[in-house]
Amino acid sequence: MSDVEYLRSKLTSHPDFPQKGIVFLDIFPILRDPIAFETLITHFLYHLTSHTIPSIPSKKIDVVVGLDARGFLLGPIIALRLGAAFVPVRKTGKLPGTCETATYEKEYGTDSFEMQSDAIKPGQSVIIVDDLIATGGSAKAAGELVAKLGGKTVEYLFIIELLFLKGGSKLDASVYSIVQSND
């Protein structure tokens, strides 16, 4: 069984959650299983070290940005293993100090993300990590924050990509997802 098949087998589906008509793919069974969690992290690291890093001029990732909140579960581990900094992107009002803000569209209205203004230095190579990409709004907002601070997003990483929503087409860098779903 491949890594992808193994990780897909660990996801659980919850029909009509958080609302009727949505099938929620739950990543938490992966995190509860140490072998599956290590497989997930190792899979991302293999992709980054064999594909992403060799293709960028600096040959290194300087910063891993994690989106509130599930990106916080993956981002620090990936950053630590790459020898990179970890930077959180949070909902408005959750970070101390001076922050940059980006607004994005949600299913019902808008929301905003913030990043501390000194978190990324101009020219740094950045990857952005979250559990899932659907419409791409939150990931796009994170990419806008990286750009405002002068960083260069080189790739977006997701465990799950909902292909039918075409969220990746809104982003300013390539997308890598382990599990793709058309449901």
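- A donor-acceptor contact under 3.5 angstrom links the side chains of Ser125 and Ser58, judged on distance only.
- Taking CZ of Phe37 as the reference point, atom CG of Leu31 lies at 4.5 Å (rounded to 0.5 Å).
- Applying the side-chain hydrogen bond (donor to acceptor under 3.5 Å, both in side chains) test to pairs two or more places apart or on separate chains, those with a residue in residues 68-82 are Glu38-Arg81, Asp68-Arg90.
- The cluster map of Ile, Leu, Val, Met, Phe, Trp and Tyr, joined by side-chain heavy atoms under 4.5 Å apart, puts Val63 and Phe158 in the same cluster.
- In this structure a side-chain-to-backbone donor-acceptor pair under 3.5 Å is missing from Gln116 to Thr98.
- What you find for Glu114 and Thr101 is that their closest heavy atoms are OE2-OG1, 3.4 Å.
- In this structure, Ile22 CD1 and His14 NE2 are separated by 14.0 Å, a value rounded to the nearest 0.5 Å.
- Considering all non-hydrogen atoms of both residues, Thr153 and Gly143 come closest at OG1-CA, 4.2 Å.
- Put simply, the side chain of Asp26 never gets that close to the backbone of Leu11: no donor and acceptor are under 3.5 Å apart.
- No donor-acceptor distance shorter than 3.5 angstrom exists from the side chain of Ser177 to the backbone of Gln180, with no hydrogens or angles considered.
- Other residues, nucleotides and ligands place more than 12 heavy atoms under 6.0 Å from the NZ atom of Lys59.
- Residue-environment remark: NZ (Lys91) exceeds the threshold of 12 foreign heavy atoms within 6.0 Å.
- Not one N or O on the side chain of Glu155 forms a donor-acceptor pair closer than 3.5 Å with the backbone of Thr52.
- Smallest separation of non-hydrogen atoms from Gln124 and Lys121: OE1-N, 2.8 Å.
- Listed by chain and residue number, Phe24 satisfy the ring-ring contact (aromatic ring centres under 6.0 Å, His included) test with Phe17 (two or more places apart in sequence, or in another chain).
- Cluster membership check: Phe86 does not share its hydrophobic cluster with Val146, using side-chain heavy-atom separations under 4.5 Å among Ile, Leu, Val, Met, Phe, Trp and Tyr.
- The closest donor-acceptor contact from the side chain of Lys170 to the backbone of Thr135 lies under 3.5 Å.
- No side-chain donor from either of Tyr6 and His43 sits under 3.5 Å from a side-chain acceptor of the other.
- Note: the hydrophobic cluster containing Leu145 also contains Leu67 (ILVMFWY, side chain heavy atoms under 4.5 Å, direct or indirect links).
- Here Lys10 contributes atom NZ and Thr39 contributes atom OG1; the two are 9.0 Å apart, rounded to the nearest 0.5 Å.
- A donor-acceptor distance shorter than 3.5 angstrom exists from the side chain of Asp16 to the backbone of Gly21, with no hydrogens or angles considered.
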